[in-house]
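Both backbone and side-chain heavy atoms feed into the values below; hydrogens, waters and symmetry mates do not.
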Amino acid sequence: RETALWMVTCLLFASPRRGQLDKTCHAVVGETVVLPCSTSSPGELSTSKLYWQIDLVIVHFFHNGQDSLQLQDRRYRGRTSLFLEQMERGNLSLKLSDAQLQDSAEYTCIYRATGHRSSKTQKSKVKLIVSAAPSTERPSSPSGHSKMSSRSPADTPRLAALLLGFHLLVTLG
């Protein structure tokens with residue numbers, strides 16, 4: 001079964017200052033979101049390094065021309081990827097699948113391009129805001145029982161996790 005890729009429109013801030021966010025992205029729980037990052041001078045990919053991180057947490061790491069995910073935080077395992085075929089043209093964006101409420105954070109894209117005589121480091125920040133999915137509950141039927149929209153059995157654990165996460169946010173928030 002193919003999953004739909006929900007590209008998220010990102011708001012670009014005009015001439016971001018040092019320490020400020022470059023972009024803000026929005027996603028709904030369960031969606032796939034693309035966190036944008038690009039460079040005009042990609043350098044030699046086989047010797048360059050690309051880090052996607054939150055503070056000191058490694059979300060995705062690319063070096064020596066390939067993904068290197070041994071140090072990737074376990075929350076992101078199997079949910080991140082790069083646009084490998086577009087990296088030579090400067091697309092360093094990160095695709096994050098199955099967005100979760102706890103993915104809301106400020107992500108940093110750090111790219112260190114190396115060449116024959118020089119190296120250049122580029123850094124940008126993207127804020128991701130993940131929102132709970134809208135309620136799928138419908139008004140009560142004449143019998144007094146409420147109806148839920150039809151979902152596949154595979155959606156049940158995800159819905160349960162979402163409800164638990166929402167409950168924790170309300171309780172602890």
Taking the side chain as every heavy atom from C-beta outward, state whether [X] and [Y] have any atom pair closer than 4.5 Å.
X    : Y   : result
L128 : V33 : yes
K127 : C25 : no
E31  : V29 : no
N91  : S38 : no
Y76  : I58 : no
T39  : L92 : yes
W52  : L96 : no
M87  : F62 : yes

Verify the distance criterion only: is there a donor paired with an acceptor across the side chains of [X] and [Y] at less than 3.5 Å?
X    : Y   : answer
S68  : Q70 : yes
Q100 : D98 : yes
T80  : K95 : no

Locate the shortest heavy-atom distance separating [X] from [Y]; write the atom from each residue and the value.
X   : Y   : value
A99 : A27 : CB-CB, 4.3 Å
Q72 : G78 : OE1-N, 4.5 Å
S93 : V34 : CB-CG1, 3.7 Å

Cluster check L82, I54: I/L/V/M/F/W/Y, side chain < 4.5 angstrom:
yes
ILVMFWY network linking L50 to L84, side-chain heavy atoms under 4.5 angstrom:
yes
Assess the pair F61 and H63: is the distance between their ring centroids shorter than 6.0 Å?
yes
Would you sort out whether S48 and Y111 count as a side-chain contact (heavy atoms from CB on, under 4.5 Å), showing the intermediate values?
CA-CA 7 Å; S48 298; Y111 182 66; 3.3 Å; yes
Please determine which of D103, L94, L69 meets the side-chain contact (heavy atoms from CB on, under 4.5 Å) test together with V59.
L94
Taking 4.0 angstrom as the limit, do E106 and K125 come out as a salt bridge?
yes
Give the intermediate values and the outcome of side chain to side chain donor-acceptor pair (under 3.5 Å) for residues T121 and R112.
CA-CA 4 Å; T121 301; R112 182 167 175 81; 3.0 Å; yes
Does F83 offer a backbone N or O that forms a donor-acceptor pair with the side chain of Q86 under 3.5 Å?
no
Ignoring hydrogens and geometry, is there a side-chain-to-backbone donor-acceptor pair from D73 to R75 under 3.5 Å?
yes
Near E88 CD, under 6.0 Å, is it more than 12 heavy atoms from other residues, nucleotides or ligands?
no
Rounded to the nearest 0.5 Å, how far does CD1 of I129 lie from OG of S131?
7.0 Å
Kindly indicate, with the supporting measurements, whether the criterion side chain to side chain donor-acceptor pair (under 3.5 Å) is fulfilled by S124 and Q122.
CA-CA 7 Å; S124 63; Q122 174 186 318; 5.0 Å; no
